[in-house]
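All values below come from the heavy atoms of this structure, side chains included, with hydrogens, waters and symmetry mates left out. Note that the structure is predicted; figures quoted are calculated from it, not measured.
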Amino acid sequence: MKAWERVEEGKRQGRGKRKGRDRVDWMEVDEVVCLPRLPRVAVCGGTHGNELSGVYLVRELLKAEKKVMEKEEEEPLSVLMVLSNPRAMQQCRRYVDTDLNRCFTHAKLNGPIPDNAPYEIIRSRELNATLGPKGNPEAVDLVCDLHNTTANMGLCFIAYSDCDWICLHIFRHLQRQMPDVPMRYIHFDVSNKESYSLDSVGKHGFAMEIGPQPHGVVRSNIYTAMKVGVQHMLDWVRIFNSGTIFEGGCVDVFTMIKHIDYPRDNETRNITAAIHPKVQDRDFCLLHPEDPLFQTFSGETLRYKGNEPLYPFFINECAYYEKGIALSLARKRRVTIPAIRVQTEQQQRANEQEFASEEEE
């Protein structure tokens with residue numbers, strides 16, 4: 001794809017222009033960027049069947065939707081509520097056969113399915129058909145996938161783009177509306193084909209990750225933060241679709257740099273240390289070289305041997321023991337986002353015609 005084509009794609013999708021590993025805005029902040037309307041939004045819970053805030057919230061939203069339908073009230077925004085992994089939810093397990101939230105790469109969605117395929121592989125195809133297809137103009141406009149973490153991370157957005165103006169503006173809106181909730185935007189720098197989680201199926205998407213909460217447990221404060229966050233997200237979409245201009249500004253983005261595993265025995269591969277007490281529960285507190293990182297089971301302190309200070313997150317996440325991840329490390333930078341508003345009908349028709357012309361070519 002040529003450079004000018006990347007800019008045009010950024011205009012359509014609400015993303016900035018890529019330049020190597022860095023991003024630069026394709027417009028000045030005070031210039032209003034016009035983006036397509038967001039008529040269809042999906043809110044998904046239970047992608048991991050033991051992360052219960054999203055499970056119970058989606059169930060509650062489905063009840064509310066039923067009452068609205070009984071009253072024959074018109075909802076200008078189409079909100080699809082999805083319980084992603086019903087079998088895992090029934091068993092209150094993260095997954096049945098394999099992690100559903102790693103099943104949405106291009107290869108897994110489009111490759112052949114063997115007769116003995118894991119349940120989650122089959123379910124990912126069903127979800128892709130319902131919400132996508134991924135990368136297709138028919139995909140839903142925005143996917144919000146609800147997750148819990150055992151780590152002390154507050155409310156986080158996790159997204160594959162640090163220049164998706166829609167996701168960044170929604171995040172900024174929640175920051176303003178929920179000032180008492182610690183909130184961060186985490187960026188996983190992964191290509192669209194290799195993006196692996198459910199939220200990547202939509203034209204825009206993010207995971208809303210909230211903790212700390214033990215898996216298999218629902219805590220009222222965590223559930224409430226998620227519920228309020230989803231309400232503000234849907235309110236923002238309705239306001240955006242109405243034509244309101246959202247001013248530009250800045251957002252701090254944490255780009256994931258690497259994962260660190262626990263120290264392990266060379267022969268048995270059993271872990272030999274736990275997260276150091278000075279690091280435990282201190283997600284997003286800067287970790288400097290030579291800071292304590294692990295404490296061995298014999299009592300020895302092991303120090304961080306990195307070359308630069310980085311921000312740890314997902315510290316001691318329960319579900320990541322099987323993945324060989326003790327914590328992840330991120331680099332923080334400030335991203336400038338432009339003012340945005342919804343396209344006029346005329347602009348949208350012109351955009352659709354341009355897209356159709358490019359498809360024919």
Side-chain angles (χ1 to χ4, degrees), residues 1 3 6-36 38 141-145 153-179 181-192 194-195 197 199-200 202-209 229 232-233 236-237 239-240 244-258 283-287 308-314 328-342:
M1 187 180 284
R6 289 199 297 271
V7 175
E8 292 305 314
E9 180 64 16
K11 291 179 184 178
R12 274 196 299 275
Q13 299 297 330
R15 297 181 173 92
K17 176 181 171 186
R18 295 178 69 102
K19 185 177 180 181
R21 291 183 62 87
D22 295 320
R23 275 74 170 168
V24 292
D25 294 350
W26 59 272
M27 280 193 171
E28 296 296 328
V29 178
D30 57 354
E31 190 170 351
V32 179
V33 177
C34 298
L35 301 175
L38 307 171
D141 299 287
L142 175 65
V143 175
C144 172
D145 193 26
M153 287 170 52
L155 190 158
C156 294
F157 277 33
I158 303 178
Y160 293 107
S161 174
D162 62 351
C163 48
D164 184 319
W165 309 142
I166 294 294
C167 294
L168 285 160
H169 267 280
I170 293 172
F171 174 78
R172 191 159 167 257
H173 178 70
L174 264 65
Q175 279 186 313
R176 289 176 168 178
Q177 298 298 319
M178 304 170 67
V181 177
M183 210 171 294
R184 285 97 178 182
Y185 189 101
I186 301 171
H187 165 227
F188 282 14
D189 192 6
V190 177
S191 70
N192 184 258
E194 296 301 317
S195 56
S197 54
D199 52 275
S200 69
K203 293 187 181 79
H204 306 273
F206 60 89
M208 185 183 290
E209 184 95 42
H232 285 309
M233 180 269 293
W236 184 93
V237 174
I239 297 168
F240 171 77
T244 299
I245 295 176
F246 289 90
E247 64 181 14
C250 295
V251 172
D252 287 333
V253 171
F254 292 84
T255 298
M256 198 279 289
I257 302 301
K258 61 181 176 179
D283 296 73
F284 300 103
C285 294
L286 201 57
L287 183 69
E308 62 175 312
L310 292 171
Y311 292 87
F313 64 101
F314 277 128
S328 300
L329 293 172
R331 191 177 290 129
K332 183 173 79 168
R333 66 190 184 84
R334 183 151 289 189
V335 171
T336 302
I337 59 176
I340 65 170
R341 69 167 175 81
V342 72

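Taking the six-membered ring where the residue is Trp, the centroids of Trp236 and Phe246 are separated by under 6.0 Å. Within the 6.0 Å centre-distance limit, the rings of Phe254 and Phe284 are counted as a close aromatic pair.
Atom CZ of residue Arg341 and atom OG1 of residue Thr244 lie 11.0 Å apart, to the nearest 0.5 angstrom. The structure places SG of Cys250 at 11.0 Å from CG of Leu168, a figure rounded to the nearest 0.5 Å. Atoms CD1 and CD1, on Ile239 and Ile245 in that order, are 14.0 Å from each other to the nearest 0.5 Å. Going from atom OG1 of Thr255 over to atom CG of Leu329 covers 13.0 Å, rounded to the nearest 0.5 Å. In this structure, CD1 on Ile170 lies 13.0 Å from CD on Gln177, to the nearest 0.5 angstrom. Between atom CG of residue Asp145 and atom CD of residue Glu209 there is a gap of 9.5 Å, rounded to the nearest 0.5 Å.
We find that Glu308 and Lys258 are not joined by a salt bridge, their nearest charged nitrogen and carboxylate oxygen being 4.0 Å or further apart. Ion pair Asp162/Arg333 flagged as a salt bridge, since at least one NZ, NE, NH1 or NH2 atom sits closer than 4.0 Å to an Asp/Glu carboxylate oxygen.
Every side chain to side chain donor-acceptor pair (under 3.5 Å) that Ser328 has, sequence neighbours left out, goes to His259. Partners of Phe188 by ring-ring contact (aromatic ring centres under 6.0 Å, His included), not counting sequence neighbours: none found. Checked against ring-ring contact (aromatic ring centres under 6.0 Å, His included), Phe157 has the following partners two or more places apart in sequence or in another chain: Phe171, Phe206.
Residues Met208 and Gly229 approach most closely at CE-C, 3.9 Å, considering heavy atoms. The heavy-atom pair separating Tyr311 from Cys285 by the smallest distance is CD2-C, 4.4 Å. Of all heavy-atom pairs between Asp283 and Arg184, the closest is O-NH2, 4.3 Å. A pairwise comparison of heavy atoms in Cys144 and Met233 identifies CB-CE, 3.7 Å as the closest pair. Listed here is the closest heavy atom pair of Ile340 and Val32: C-CG1, 4.0 Å. When all heavy atoms of Ala159 and Gly205 are compared, the pair lying nearest together is CB-O, 4.0 Å.
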Original post:
Given Ser191 and Tyr160, is the side chain to side chain donor-acceptor pair (under 3.5 Å) satisfied, shown in steps?
Top reply: CA-CA 8 Å; Ser191 70; Tyr160 293 107; over 6 Å; no
**OP:** Could you go through the side-chain contact (heavy atoms from CB on, under 4.5 Å) check for His204 and Leu38 one step at a time?
**Re:** CA-CA 9 Å; His204 306 273; Leu38 307 171; 4.0 Å; yes
**OP:** Applying side-chain contact (heavy atoms from CB on, under 4.5 Å), run through Lys332 and Val253 and close with a yes or a no.
**Re:** CA-CA 6 Å; Lys332 183 173 79 168; Val253 171; over 6 Å; no
Original post:
Would Val237 and Leu142 count as a side-chain contact (heavy atoms from CB on, under 4.5 Å) if you check the C-alpha gap in whole Å, the side-chain angles of each, and the deciding distance to 0.1 Å?
Top reply: CA-CA 9 Å; Val237 174; Leu142 175 65; 3.9 Å; yes
**OP:** Given side-chain contact (heavy atoms from CB on, under 4.5 Å), test Glu247 with Arg172 step by step and report yes or no.
**Re:** CA-CA 11 Å; Glu247 64 181 14; Arg172 191 159 167 257; 4.0 Å; yes
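Considering only heavy atoms from C-beta on, Val342 stays 4.5 Å or farther from Leu35 through its side chain. In this structure, Met178 and Leu155 have side chains that are in contact, with non-hydrogen atoms separated by less than 4.5 Å.
No donor-acceptor pair closer than 3.5 Å links the side chain of His232 to the backbone N or O of Arg176. Under the 3.5 Å distance criterion, the side-chain polar atoms of Arg331 are left unmatched by any main-chain donor or acceptor of Pro309.
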